[in-house]
Amino acid sequence: DSARVYVTRKVPPDGLEVLRKSGRVQFELWDTDDPVPRAELLKKVRGVDGLLCVLTEKVDAELLDAAGPGLKVVSTMSVGYDHLSLEELKKRSLECVYCHFHLCRGIRVGYTPDVLTDAVAELTVALLLCTSRRLVEATHEAKTGGWGTWRTLWLCGYELANSTVGILGLGRIGVAIAERLKPFKVKKFIYTDVAPRPELANMINAEYVSMDELAQQSDFLTICCALTPETQGICNKNLFSKMKETSIFINTSRGGVVNQDDLYEALATGQIAGAGLDVTTPEPLPTSHPLFTLKNCVILPHIASASYTTRNAMSVLAANNLLAGLRGEPMEKELKL
Ligand SMILES: O=C(O)[C@H](O)CO
């Protein structure tokens with residue numbers, strides 16, 4: 001007998017194929033590119049065994065209550081999991097003490113690290129160069145008649161050669177970014193995290209520094225940490241005020257780690273030279289947002305993992321995690337609750 005699964009978005013074809021071929025699940029799909037309305041989602045999850053979601057779905061007490069006690073697996077097609085209420089999931093992840101036959105196993109959670117590391121690192125480098133060498137401004141000038149003649153300091157930016165690159169939150173993605181930046185002749189990599197991470201740091205010869213030192217020394221500061229209560233708004237006035245006027249701030253993690261009012265202030269007053277953001281709060285960022293008025297701020301619509309290969313790989317991993325969870329087997333990538 002097959003498990004009932006709700007898939008909250010049009011998932012790339014490779015992942016859907018995995019679900020279809022398994023012959024183990026009966027799944028219903030919200031078959032569009034836009035998020036399923038919340039009320040519809042709450043209706044659709046009623047009585048399901050598994051949920052395959054993306055990062056726009058809040059998996060909280062309300063949703064878990066709506067799903068009911070039969071929900072065994074939540075599999076998110078993302079490496080980030082700040083949209084999942086871990087507290088609630090944890091409460092419900094415990095095996096039922098009254099159930100001697102493990103009929104009631106509690107909820108398990110799958111996510112998709114690693115498969116997107118290359119795509120995210122690549123995009124981060126692209127965004128960094130785009131911001132530091134002012135590419136958006138430059139194409140705009142070329143297209144709109146601003147290109148008068150060759151001028152000595154016009155559209156000058158900042159180069160990576162001989163620079164110090166700072167990484168806030170050193171994980172797989174931070175390492176992959178540093179590996180790609182190294183051939184640009186970066187002088188030094190520095191990082192900060194809750195504690196030193198020597199195994200990762202040694203791979204890129206990065207030095208552990210304090211948050212203040214990271215701000216003060218980085219010519220390029222790239223944010224690679226997860227969004228948690230501890231990192232919420234961590235990039236704020238205090239951090240920007242310690243950065244160099246010539247430094248470039250890049251964020252491809254989550255918008256919530258940045259205090260956007262403080263960032264606007266830092267960019268508008270020249271406290272820092274530029275920012276490249278792939279993530280914002282909210283998403284989409286309203287077109288009327290002040291950050292869009294700044295020439296020194298490049299904003300992308302959360303596309304770091306958006307390559308065909310990677311999005312398909314994410315969907316396959318999310319589907320496999322879901323199936324493993326439903327079978328009661330170890331998942332390829334399971335979140336420890
Ligand atoms: O968390 C994630 O997976 C990214 O933000 C989107 O790929």
Side-chain angles (χ1 to χ4, degrees), residues 7-16 18 30 33-36 51-60 73-86 89 109-128 167-177 180 222-232 234-235 249-258 260 275-285 298-322 331-337:
V7 182
T8 67
R9 191 70 66 86
K10 188 181 201 169
V11 169
D14 291 5
L16 281 186
V18 170
W30 181 255
D33 268 332
D34 292 315
V36 51
L51 181 70
L52 198 161
C53 67
V54 296
L55 51 82
T56 46
E57 274 73 65
K58 282 227 161 324
V59 177
D60 54 10
V73 187
V74 173
S75 174
T76 182
M77 191 188 124
S78 61
V79 64
Y81 45 83
D82 46 289
H83 55 299
L84 311 179
S85 168
L86 296 187
L89 285 158
V109 179
Y111 70 137
T112 63
D114 299 337
V115 291
L116 47 59
T117 299
D118 287 336
V120 173
E122 183 175 285
L123 188 283
T124 306
V125 172
L127 178 57
L128 185 151
I167 301 166
L168 176 52
L170 187 66
R172 304 162 288 250
I173 293 175
V175 168
I177 292 169
R180 282 158 178 77
T222 180
I223 310 305
C224 301
C225 59
L227 175 61
T228 64
E230 291 72 39
T231 61
Q232 177 86 38
I234 199 173
C235 301
F249 176 85
I250 301 295
N251 185 13
T252 51
S253 67
R254 283 292 183 268
V257 302
V258 177
Q260 281 175 183
L277 312 173
D278 183 47
V279 286
T280 58
T281 318
E283 291 182 4
L285 191 67
V298 177
I299 299 175
L300 301 179
H302 203 149
I303 57 163
S305 66
S307 78
Y308 292 110
T309 311
T310 289
R311 287 286 167 84
N312 269 297
M314 289 165 71
S315 73
V316 167
L317 180 52
N320 280 329
N321 284 340
L322 179 83
M331 291 182 192
E332 209 175 308
K333 297 291 174 186
E334 181 161 357
L335 208 54
K336 296 282 162 270
L337 291 175

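None of the values given here were measured: they were computed from a predicted structure. Each ligand, and each atom within it, is numbered from 1 in the order the structure gives. All values below come from the heavy atoms of this structure, side chains included, with hydrogens, waters and symmetry mates left out.
Residue contact check: H302 has heavy atoms under 4.0 Å from atoms 4 (C), 5 (O), 6 (C) of ligand 1. Those atoms of ligand 1 that come under 4.0 Å of a heavy atom in L116, given as number and element, are 3 (O), 7 (O). Atom numbering of ligand 1 starts at 1 in the shown order; those under 4.0 Å from a heavy atom of S78 are 1 (O), 2 (C), 3 (O).
Summary of contacts: the protein heavy atom closest to atom 7 (O) of ligand 1 is S305 OG, 2.6 Å. Atom 3 (O) of ligand 1 has V79 N, 2.7 Å as its closest protein atom, hydrogens excluded (heavy atom only).
Here the closest heavy-atom approach between residue C225 and residue V257 is recorded as SG-CG1, 4.0 Å.
Within a 6.0 Å radius of OH in Y111, other residues, nucleotides and ligands contribute more than 12 heavy atoms.
At least one heavy atom of M314 sits closer than 4.0 Å to an atom of ligand 1.
In terms of polar-atom proximity, defined here as any N/O pair under 3.5 Å, G80 does make such a contact with ligand 1. Close N/O approach between R254 and ligand 1 is found [any backbone or side-chain N/O within under 3.5 Å].
In this structure, D82 contributes its side chain and T228 its backbone to no donor-acceptor pair below 3.5 Å. Proximity of a side-chain donor or acceptor of N312 to a complementary backbone N or O of S315 within less than 3.5 Å is not detected. Formation of a donor-acceptor pair under 3.5 Å by the S85 side chain with backbone atoms of V59 is not found in this model. No donor-acceptor pair under 3.5 Å is formed between the side chain of T310 and the backbone N or O of A306.
Contacts of T112 with ligand 1, taken as heavy-atom pairs under 4.0 Å, are absent altogether. When heavy-atom distances to ligand 1 are checked against a 4.0 Å cut-off, V120 has no atom that comes that close, whether in backbone or side chain.
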TODO: Tell me, with the steps shown, if C235 and I223 meet side chain to side chain contact (heavy atoms under 4.5 Å, CB included).
DONE: CA-CA 9 Å; C235 301; I223 310 305; 3.8 Å; yes
